[in-house]
J.: 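What follows is a single structure, and I will ask about it in a moment.
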Amino acid sequence: MDFNDRVDQGIEFLRTNPACREILRWALVRCSSERVELSAFEKEVASRDEYGKGCPEPFFIAQWLVDAGCLDAFDIDAEGNVVNAEAMAAQGATDDEIDDAIASYAYRTNEVGRAVAEAFAPNVRLSKLIAEHPEARPILRETLSFLCAQHTLGELSAHLKTSLAPEEAAAYGALADSTVLASKLSDAGVIEFSSHNWRITAEGRELLFEIEHDKR
C-alpha cells in the first residue's frame, strides 16, 4: 500500500473502534515526540480519563496501533537504547545473547500515525460537524457551555427544552435531541461520558473559547 492507503487504513481502524477512539488518538499524540517505553505507556494509559471500560489492556492499545501501521515498535535494552538484533547477529551474538539484551519495548508514532491523529483531532472533527450543520452552531456552543459542569443526559435534555424556543428546535432538527447531540459531540471528541455524566473535554474547552470569540 502507498502512504495514503496506509493512512486510510489507520483512519478506518479508529473510525470502527469508537469505544477506544479517544485513547487510541491520545496514544498517537503521546508517542509522536519520543519513544515511550512499555511500562510507562501502560501506566499513562491506565491513568487517562479517555481509557474506558470498553478498552483492552494498555499493552493491546499499543499493539493494535502497531498492527494498524500507526506505531513503530522497538526492542530496547535496560538503558532505553534500541537493540539492533541484526547488527548484533552480524557481530556473532547468539539468539540467547540478543534476547538477554532486550529489556523491554518502546513505541513511536510514525508518519502514518501522525496523519491519522491529525485527521481525528477534535478541532478538525468539530469544524466538520459545524460545516455540515452551520445552522446548529448556537446549540453546539450552548451544549458545550452547559457541559462545562457534569450533567446526565436527562439534565441535558431538560436544559435544551427550557433553553430552545419551538422554532429553534424545529430549525435544528435531529440535533435538538439530546441523545443525537451528545453522540455527535462525543464523536467529535469534545465531550466525554464518565460516571453516568456527560462533560466537556479539555480540547472541548479550548474550542468553546474559540467558538465564543468567533462572531459568525
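Bear in mind that the values here come from a model prediction, so they are computed numbers and not experimental data. Residues: numbered from 1 along the sequence shown. The analysis underlying the following values was restricted to heavy atoms, covering all of them including side chains, and did not include hydrogens, waters or symmetry mates.
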J.: How close do Trp198 and Leu147 get, counting heavy atoms only, and between which atoms?
T.: O-CD2, 3.7 Å
J.: Does a side chain donor of either Ser39 or Glu37 reach within less than 3.5 Å of an acceptor in the other side chain?
T.: yes
J.: Say you draw a straight line from CG of Leu14 to CD of Glu12; how long is it, rounded to the nearest 0.5 Å?
T.: 10.0 Å
J.: To the nearest 0.5 angstrom, please state how far the OG atom of Ser33 sits from the CZ atom of Arg114.
T.: 10.0 Å
J.: Just how far is it from atom CZ of Arg137 to atom CD1 of Ile139, taken to the nearest 0.5 Å?
T.: 14.0 Å
J.: Run the side-chain contact (heavy atoms from CB on, under 4.5 Å) check on Arg199 and Asp49 step by step: do they pass?
T.: CA-CA 11 Å; Arg199 64 184 182 188; Asp49 290 337; 3.3 Å; yes
J.: I need the minimum non-hydrogen distance between Val116 and Val7, along with the two atoms involved.
T.: CG2-O, 3.7 Å
J.: Work out which heavy atom in Ala62 is nearest to a heavy atom in Leu71; give both atom names and the distance.
T.: O-CD1, 3.9 Å
J.: Is the shortest heavy-atom distance from the side chain of Cys20 to the side chain of Pro56 under 4.5 Å?
T.: yes
J.: Once you round to the nearest 0.5 Å, how far does CD1 of Ile200 lie from NE2 of His151?
T.: 11.5 Å
J.: Report yes or no: do Asp67 and Gln63 form a side-chain donor-acceptor pair below 3.5 Å?
T.: yes
J.: Quick one, Arg141 with Leu144, criterion side-chain contact (heavy atoms from CB on, under 4.5 Å). Give me CA distance, side-chain angles, the key distance, then yes/no.
T.: CA-CA 5 Å; Arg141 180 178 60 240; Leu144 288 175; 5.9 Å; no
J.: Charged N to carboxylate O below 4.0 Å: is that the case for Glu203 and Arg125?
T.: no
J.: Does the pair Ile76 and Tyr105 meet the rule for a side-chain contact (heavy atoms from CB on, under 4.5 Å), with working shown?
T.: CA-CA 5 Å; Ile76 60 173; Tyr105 308 96; 5.7 Å; no
J.: Within a reach of under 6.0 Å around CD of Glu132, are more than 12 heavy atoms found that belong to other residues, nucleotides or ligands?
T.: yes
J.: Can you confirm whether Glu57 is buried at CD, in the sense that more than 12 heavy atoms of other residues, nucleotides or ligands lie under 6.0 Å from that atom?
T.: no
J.: Salt bridge or not for Asp72 and Arg35, using N-O below 4.0 Å?
T.: no
J.: Which pair of heavy atoms, one from Ala182 and one from Ile191, lies closest together, and at what distance?
T.: O-CD1, 3.5 Å
J.: Can you tell if the side chain of Arg21 reaches within under 4.5 Å of the side chain of Asp187, non-hydrogen atoms only?
T.: yes
J.: Going only through I, L, V, M, F, W and Y residues with side-chain contacts under 4.5 Å, is there a path from Phe13 to Val124?
T.: no
J.: Take the angle between the ring planes of His159 and Phe146 and call it parallel below 30°, perpendicular above 60°, tilted in between.
T.: parallel
J.: Would a single hydrophobic cluster contain both Leu65 and Tyr51, if residues Ile, Leu, Val, Met, Phe, Trp and Tyr are joined by side-chain heavy-atom contacts under 4.5 Å?
T.: yes
J.: Phe60 and Tyr107: same hydrophobic cluster, using ILVMFWY side-chain contacts below 4.5 Å?
T.: yes
J.: Report yes or no: do Phe120 and Phe193 belong to one cluster of Ile/Leu/Val/Met/Phe/Trp/Tyr joined by side chain heavy-atom distances under 4.5 Å?
T.: no
J.: Measure the spacing between CD of Glu142 and CG of Leu160 and express it to the nearest 0.5 Å.
T.: 8.0 Å
J.: Has the side chain of Arg6 got a donor or acceptor atom that lies under 3.5 Å from a matching backbone atom of Met1?
T.: no
J.: Please report the closest heavy-atom contact between Val83 and Ala101, naming both atoms and the distance.
T.: CG2-O, 3.7 Å
J.: Side-chain contact, heavy-atom cut-off 4.5 Å: Leu207 with Pro122?
T.: yes
J.: side-chain contact (heavy atoms from CB on, under 4.5 Å) between Glu44 and Arg30: does it pass, once the steps are laid out?
T.: CA-CA 10 Å; Glu44 288 190 50; Arg30 173 65 182 89; 2.8 Å; yes
J.: Taking atom NZ of Lys128 and atom NZ of Lys184, what is their separation to the nearest 0.5 Å?
T.: 9.5 Å
J.: Should Trp26 and Leu38 be regarded as members of a common hydrophobic cluster, given that ILVMFWY residues are connected when their side-chain heavy atoms come within less than 4.5 Å of each other, either directly or indirectly?
T.: yes
J.: Counting N and O atoms only, with roles assigned by atom type, does the side chain of Arg108 sit under 3.5 Å from a partner on the main chain of Val36, one being a donor and the other an acceptor?
T.: no
J.: In this structure, which one of Ile23, Val45, Thr201 forms a side-chain contact (heavy atoms from CB on, under 4.5 Å) with Glu50?
T.: Ile23
J.: Using a 3.5 Å cut-off and no angle test, enumerate the donor-acceptor pairs between side-chain atoms of residues 166-181 and protein atoms at least two apart in sequence or in another chain.
T.:
| unit_1 | atom_1 | unit_2 | atom_2 | d |
| --- | --- | --- | --- | --- |
| Glu168 | OE1 | Ala165 | N | 2.8 |
| Asp177 | OD1 | Thr179 | N | 2.9 |
| Asp177 | OD1 | Val180 | N | 3.1 |

J.: Does a side-chain heavy-atom distance below 4.5 Å link Leu126 with Leu185?
T.: yes
J.: Can you establish whether the number of heavy atoms outside Glu111 located under 6.0 Å from its atom CD is more than 12?
T.: no
J.: Are there more than 12 heavy atoms of other residues, nucleotides or ligands under 6.0 Å from atom CG of Asp2?
T.: yes
J.: Please report the shortest heavy-atom distance between Ser127 and Asn123, naming the atom on each side.
T.: OG-O, 2.8 Å
